[in-house]
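Working notes for the structure below.
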Amino acid sequence: MRIGFALPNIGPVATPEAVIAVAERAEDLGYDSLWTIERLLYPVKLQRPYPLGDGSLPEVYKHALDPLEALTFAAARTGRIALGTSVLDIPYYNPIMLARRLTTLDFLSQGRLRVGLGLGWNKDEVDAVGADFKQRGAMADEFLEVLKAIWTTNPVKFHGKFYQVPESYIGPKPVQKPHPPIYMGAFVPRALARLAKHADGWNPVAIPLEGMAQMFESIKQLTTEAGRDPSRMELIIRAHPEIAEKRLGEGRSLFCGTLDQIRDDIARCRDIGAHEIHFDPTFMEGGQVLDRWLTIMEQMRKLVH
């Protein structure tokens with residue numbers, strides 16, 4: 001099972017020095033991947049509640065580096081580690097422009113890109129980019145088709161309901177063939193069906209282990225029904241750890257507790273077929289300090305063999 005860690009692109013810790021330090025240290029420690037998250041703006045009056053915690057938006061989101069630029073910056077200081085997004089929100093992008101940015105990162109990093117995508121929950125952000133919140137699901141299907149067409153064909157041609165690409169040569173192509181892996185955060189039936197049809201992996205967060213195991217089995221069944229090989233579908237878990245000095249009792253959240261309890265959680269994730277876990281201390285108490293971030297990275301690395 002692979003192990004990844006968050007690149008600090010959110011909150012006060014997100015500085016040029018921190019991005020470099022974390023990227024280089026992660027590679028030195030033998031991590032498999034680095035991951036960024038996306039936040040476009042911090043609404044003063046949030047239209048829809050944040051899906052975690054008490055529904056309020058964490059203060060750290062007031063400072064956000066672009067996830068792809070941060071990864072590109074890290075790519076220039078590393079030579080092996082994979083570079084992933086968890087996740088880019090599809091409604092914020094034009095697929096042709098995003099395809100070029102993603103291809104450029106894969107090309108310049110010599111094939112290290114992993115593309116995590118989602119629909120986005122923040123209506124304020126969707127409104128700000130001029131997208132249609134109600135149509136974002138329908139548009140996502142075509143969006144994924146456009147990405148794959150650009151990555152795998154030349155000349156490229158696409159004519160759909162939402163997107164048009166005139167017959168054109170678009171190059172270069174990604175280093176990875178047929179294209180960089182696509183992971184999706186999905187939870188509702190239609191989104192799970194989209195994942196099964198188009199994606200290479202599922203990227204859940206904040207789901208209890210039993211529910212995650214059941215949903216992953218459902219995804220593999222949907223993948224079979226879509227005419228694809230379910231054994232190639234990956235489970236890429238995003239973990240928000242909370243390290244405690246004393247053991248927590250029943251009802252604790254996944255990856256929360258002592259280091260021994262978190263080690264047990266990692267083993268349980270391996271048992272349900274997880275291919276990778278990447279840890280993100282962005283929201284951990286004290287996590288927004290670089291020294292603490294690096295310490296947590298060392299602690300988590302020792303838990304996975």
Check against side chain to side chain contact (heavy atoms under 4.5 Å, CB included), Val126 and Tyr92: CA-CA 7 Å; Val126 176; Tyr92 306 169; 3.9 Å; yes
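- Residues Phe279 and Met297 fail the side-chain proximity criterion, which asks for heavy atoms closer than 4.5 Å.
- Across Arg194, Arg136, Lys161, a single residue satisfies salt bridge (Lys or Arg N to Asp or Glu O under 4.0 Å) together with Asp141, and that is Arg194.
- In this structure, Asp200 does not pair ionically with Arg232, as no charged nitrogen and carboxylate oxygen lie closer than 4.0 Å.
- A continuous path of hydrophobic side-chain contacts links Ile20 to Leu29 [ILVMFWY only; heavy atoms under 4.5 Å].
- Applying the 6.0 Å contact sphere to CD of Gln164 captures more than 12 heavy atoms from other residues, nucleotides or ligands.
- Looking at Asp28 and Arg80, no side-chain N of the basic residue comes within less than 4.0 Å of a carboxylate O on the acidic one, giving no salt bridge.
- Remark: the Asn9 side chain and the Thr36 side chain contain no N/O donor-acceptor pair separated by less than 3.5 Å.
- No side-chain N or O of Thr258 forms a donor-acceptor pair with one of Asp260 less than 3.5 Å apart.
- The structure places CG of Leu209 at 10.0 Å from CD of Gln214, a figure rounded to the nearest 0.5 Å.
- A donor-acceptor pair under 3.5 Å links the side-chain atoms of Asn94 to the main chain of Ile96, judged by distance alone.
- The shortest distance between side-chain heavy atoms of Leu88 and Leu102 falls below 4.5 Å.
- The closest side-chain heavy-atom distance from Val87 to Tyr183 is not below 4.5 Å.
- Cluster annotation: Leu46 and Tyr42 are assigned to the same hydrophobic cluster (Ile/Leu/Val/Met/Phe/Trp/Tyr, side-chain heavy-atom contacts under 4.5 Å, transitive).
- Annotation: side chain of Thr282 is in contact with side chain of Trp293 (closest heavy-atom distance under 4.5 Å).
- For the atom pair CD1 of Ile277 and OG of Ser33, the computed distance is 11.0 Å after rounding to the nearest 0.5 Å.
- In this structure, CD1 in Ile10 is found 9.0 Å from CD in Gln288, a value given to the nearest 0.5 Å.
- Cluster annotation: Tyr50 and Ile37 are assigned to the same hydrophobic cluster (Ile/Leu/Val/Met/Phe/Trp/Tyr, side-chain heavy-atom contacts under 4.5 Å, transitive).
- In this structure, Glu27 contributes its side chain and Ile81 its backbone to a donor-acceptor pair below 3.5 Å.
- Closest non-hydrogen pair, Ile90 versus Ala140, comes out as CD1-CB, 4.0 Å.
- Relative ring orientation between Tyr61 and Phe283 is described as perpendicular, the plane-to-plane angle rising above 60° on a 0-90° scale split at 30° and 60°.
- The closest side-chain donor-acceptor pair between Arg112 and Thr78 falls under 3.5 angstrom.
- Arg268 and Asp271 are not joined by a salt bridge, as no carboxylate oxygen comes within less than 4.0 angstrom of a charged side-chain nitrogen.
- Put simply, the side chain of Ser253 never gets that close to the backbone of Cys256: no donor and acceptor are under 3.5 Å apart.
- Under a cut-off of 6.0 angstrom, the local environment of CZ in Arg100 is sparse, with at most 12 non-hydrogen atoms contributed by other residues, nucleotides or ligands.
- Remark: the backbone N or O of Ile170 is paired with a side-chain donor or acceptor of Asn154 at under 3.5 angstrom.
- Contact check on Glu125 versus Arg39 returns a salt bridge, with a Lys/Arg side-chain nitrogen under 4.0 Å from an Asp/Glu carboxylate oxygen.
- Taking all atoms of both residues into account, the shortest heavy-atom contact from Lys220 to Pro230 is O-CB, 3.5 Å.
- Remark: the backbone N or O of Gly4 is not paired with any side-chain donor or acceptor of Asp32 at under 3.5 angstrom.
- Atom-to-atom distance recorded for Ile150:CD1 and Glu145:CD is 12.0 Å, nearest 0.5 angstrom.
- His278 has its side chain within reach of Asn203: a pair of non-hydrogen atoms, C-beta onward, lies under 4.5 Å apart.
- One hydrophobic cluster holds both Leu222 and Ile272 under the rule that ILVMFWY side chains link at heavy-atom gaps under 4.5 Å.
- Crowding of Lys177 atom NZ: a count of heavy atoms from other residues, nucleotides or ligands under 6.0 Å exceeding 12.
- When atom types are taken as modelled, the side chain of Lys62 and the backbone of Leu41 share no donor-acceptor pair closer than 3.5 angstrom.
- One N or O on the side chain of His275 and one on the backbone of Gly273 form a donor-acceptor pair closer than 3.5 Å.
- Salt bridge status for Arg252 with Asp265: present, with a side-chain N to carboxylate O gap under 4.0 Å.
- Heavy-atom minimum distance, Leu7 versus Ala70: CD2-O, 3.5 Å.
- Between Phe5 and Tyr31, the distance from one ring center to the other falls under 6.0 angstrom.
- Side chain of Arg48 to backbone of Lys123: no donor-acceptor contact under 3.5 angstrom is found.
- Classification of Arg25 and Glu298 as a salt-bridged pair holds, one side-chain N sitting under 4.0 Å from a carboxylate O.
- The closest donor-acceptor contact from the side chain of Gln176 to the backbone of Leu113 lies under 3.5 Å.
- Pro166 is not listed as a side-chain neighbour of Lys157, based on a closest heavy-atom distance of 4.5 Å or more.
- Comment: Glu276 does not engage Arg270 in a salt bridge, judged by the lack of any side-chain N to carboxylate O separation of less than 4.0 angstrom.
- Contact check for Leu192 versus Met215: side-chain heavy atoms found under the 4.5 Å cut-off.
- Closest of all the heavy-atom pairs between Pro241 and Met300 is CB-SD, 4.4 Å.
- Across all non-hydrogen atoms, the minimal contact from Gly84 to Leu71 is O-CD1, 3.5 Å.
- Panel note: side chain Arg114, backbone Ile182; no donor-acceptor pair is recorded below 3.5 Å.
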Take Arg190 and Leu195 through the test side chain to side chain contact (heavy atoms under 4.5 Å, CB included) and record every step on the way to the result. CA-CA 9 Å; Arg190 184 172 177 181; Leu195 184 159; over 6 Å; no
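- Side-chain polar atoms of Gln221 and Glu225 form a donor-acceptor pair below 3.5 angstrom.
- Side chains of Gln47 and Asn122: a donor-acceptor N/O pair is absent below 3.5 angstrom, by distance only.
- Around the NZ atom of Lys148, the shell of radius 6.0 Å holds more than 12 heavy atoms that belong to other residues, nucleotides or ligands.
- Side-chain atoms of Thr103 and Trp151 include a donor-acceptor pair closer than 3.5 Å.
- Leu52 and Ala206 make their closest contact through CD2-CB, 3.6 Å (heavy atoms, listed as atom of the first residue, atom of the second, distance).
- In this structure the side chain of His240 never reaches within 4.5 angstrom of the side chain of Phe255, judged on heavy atoms.
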Before you tell me yes or no, could you show the steps for Lys45 and Asp124 under side chain to side chain contact (heavy atoms under 4.5 Å, CB included), namely the whole-Å CA-CA distance, both residues' side-chain angles and the distance that decides it to 0.1 Å? CA-CA 9 Å; Lys45 296 180 180 179; Asp124 297 278; over 6 Å; no
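- Summarising the geometry, atom CD belonging to Gln261 is positioned 12.0 Å from atom CG belonging to Leu303; distances are rounded to the nearest 0.5 Å.
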Between Leu147 and His198, does a side chain to side chain contact (heavy atoms under 4.5 Å, CB included) hold up when you go through it step by step? CA-CA 11 Å; Leu147 280 185; His198 294 290; over 6 Å; no
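- Taking a 6.0 Å sphere around CZ of Phe107, one finds it holds 12 or fewer heavy atoms contributed by other residues, nucleotides or ligands.
- Taking hydrophobic clusters as Ile, Leu, Val, Met, Phe, Trp and Tyr residues chained together by side-chain heavy-atom distances below 4.5 Å, Trp202 shares a cluster with Phe143.
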